[in-house]
K.L.:
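If you scroll down you'll find the structure; I have some questions about it.
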Number of protein chains: 2
Amino acid sequence: MDSVSGVGVLDKAVHMLGALRREGSLGLADLQRATGLPRATAHRLAVALEEHGLVRRDGNGRFCLGFELIALGHAAAESFPIGELARPVLVALRDSTGESVQLFVREGDERRCVVSLQSPHGLRWIVPEGARLPLDAGSAGRVLLARSTSDWVESDWVESVEEREPGVASVSSAVRGRDGAVLAAVSVSGPIERLTRGPGKRFGRAVADAADTLAKTLAATA
Amino acid sequence: MDSVSGVGVLDKAVHMLGALRREGSLGLADLQRATGLPRATAHRLAVALEEHGLVRRDGNGRFCLGFELIALGHAAAESFPIGELARPVLVALRDSTGESVQLFVREGDERRCVVSLQSPHGLRWIVPEGARLPLDAGSAGRVLLARSTSDWVESDWVESVEEREPGVASVSSAVRGRDGAVLAAVSVSGPIERLTRGPGKRFGRAVADAADTLAKTLAATA
DNA sequence: CGCTCTCGTCTCACTTTCTGAGATAGTCTT
DNA sequence: AAGACTATCTCAGAAAGTGAGACGAGAGCG
């Protein structure tokens, strides 16, 4: 029942979608509790969203996220050229390292996982595509904090160990545009047991190369 | 510049997202043209959506679909149990047939593609996940039109040739719940050159078996 | 059988929010 | 430096959203 940030319909609608994302599926009363909205308002909103396919009802008549969101999600991913171009490069990186790899972009003072590929190992570290993570923790976060060319010239990659999540280590490298601005961060992450406490030593080169390949691909396309 | 169906902010917002999905990325003036909204209104809406991550700006400051939609899209797909359970079954079906396979569900008087797997062939028929198609054309459409157990007892599968799209044929079979209600349709589709004008002969059995397996999996889960 | 609880849905007077033409400010072009 | 674009902001007026409460359907119970 966390309070709604804004006051407009749109804020409420997004808040409701967020509640449904967290909780999976909710009856009207649950929706009411989860959003803090009055019954009538919650119902009206849910029905309005349903008409647009952003919300649907499951077999029991409970509200849950609608299929239109699947279509929009795909379109959103496709309309991000770096993400599309990165996929083959990231697949190669995952296959060569055997670990989960991600592509992050900066969004305000956070970072967003735009592409996520999972390690084939049984024990793996997964970051959901679309997830929003803090900028001030994790190797990818530090890479994205470097704004200009002058920063971080010392190394091609950055490593972090248990910085954001216990037991998880990662190595990241910047994808830079023509002008040296950091466009995105390529990241390899997994359990410390496999990555060790100095993951850069083993994977730094591969990650930096992947980031570089991606940067070149981008330059060639644009 | 098609007119907006509703009048509320929500209708306009969804309309705008639809415009961005179709057009990829738009400047404010283009957005204005695409949505038919006045400048100020389009701008205010776009900024509001941006604050929620449903819209973002690309490198040139133009508006496009935001990353939050990727996250919501994934959540929407995951919150649909049949879709999740179906994936492995559909993968097996695609591999055994070598053609594109889809899972459709009825949504109002249309059908929605919830899962879509592509054929490995160079020439392949693709249906985007999340796409909404008519119910009155295509084999999957006819399967979903059968409401009760009494309908369509004659055959386990339905075939269609160039019914919805020239050059494309398909075979579909119903996934039925405990009570015999049609929950979804499994479909194999591809170019006539490979599927022939009587695709059911070759693929009917496989499609029906896949649908049946899925139905059993569902029954076991629920 | 009738009572009660809960659930989803609808109504309607109230009022908050959204509206959008126009003004303003920043950015390339020429 | 004028012109032709952009994106962004303002504010009085108008329209859309609001939500307590009524309603009917259904489930559970004594």
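The analysis underlying the following values was restricted to heavy atoms, covering all of them including side chains, and did not include hydrogens, waters or symmetry mates. Order of the sequence lines sets the chain letters (A, B, ...), proteins ahead of strands, with each chain counted from 1.
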K.L.:
Could you tell me the separation between the CE atom of Met16(B) and the P atom of dC18(C), rounded to a whole number of Å?
P.N.:
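So the two atoms are 14 Å apart, to the nearest Å.
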
K.L.:
Under 4.0 angstrom, heavy atoms only, what part of the nucleic acid is Gly61(B) near: base, sugar-phosphate, or nothing?
P.N.:
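Counting heavy atoms under 4.0 Å across all strands, no contact is made by Gly61(B).
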
K.L.:
Determine, stepwise, if the pair Ser187(B) / Ser170(B) fulfils side-chain hydrogen bond (donor to acceptor under 3.5 Å, both in side chains).
P.N.:
CA-CA 7 Å; Ser187(B) 188; Ser170(B) 67; 4.6 Å; no

K.L.:
Considering every strand and a 4.0 Å limit on heavy-atom distances, what is the contact class for Ala29(A): base, sugar-phosphate, or nothing?
P.N.:
sugar-phosphate

K.L.:
By nearest heavy atom, map Arg39(A) and Leu28(B) onto DNA chain D; which one lands nearer the 5' end?
P.N.:
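The answer here is Leu28(B).
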
K.L.:
Round to the nearest Å and state the distance from Asn60(A) atom CG to dC7(C) atom C1'.
P.N.:
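My rounded result for the distance is 14 Å.
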
K.L.:
Around atom CZ of Arg164(A), are there more than 12 heavy atoms from other residues, nucleotides or ligands closer than 6.0 Å?
P.N.:
yes

K.L.:
Just N and O in the side chain of Thr41(A): are any of them under 4.0 Å from OP1 or OP2 of dT18(D)?
P.N.:
no

K.L.:
Side-chain N or O of His43(B) less than 4.0 angstrom from OP1 or OP2 on dA7(D)?
P.N.:
no

K.L.:
Leu26(A) has an atom CG; how far is it from atom P of dC7(C), in whole Å?
P.N.:
13 Å

K.L.:
Whole angstroms only, please: what is the CZ-C1' distance between Arg44(B) and dA16(D)?
P.N.:
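Taking atom C1' of dA16(D) as the reference, CZ of Arg44(B) is at 13 Å.
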
K.L.:
Roughly how many Å is it from CG in Leu10(B) to C1' in dG17(D), rounded to a whole number?
P.N.:
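Rounded to the whole Å, the gap is 11 Å.
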
K.L.:
Quick one: is Lys12(A) getting a side-chain N or O under 4.0 Å of the dG17(D) phosphate, OP1 or OP2?
P.N.:
no

K.L.:
Do the side chains of Glu23(A) and Arg62(A) get close enough for a salt bridge, i.e. N-O under 4.0 angstrom?
P.N.:
no

K.L.:
Check every strand shown and say whether Arg57(A) touches a base, only sugar-phosphate, or nothing at a heavy-atom separation below 4.0 Å.
P.N.:
sugar-phosphate

K.L.:
Rounded to the Å, how far apart are Leu45(B) CG and dT8(D) P?
P.N.:
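Between P of dT8(D) and CG of Leu45(B): 14 Å.
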
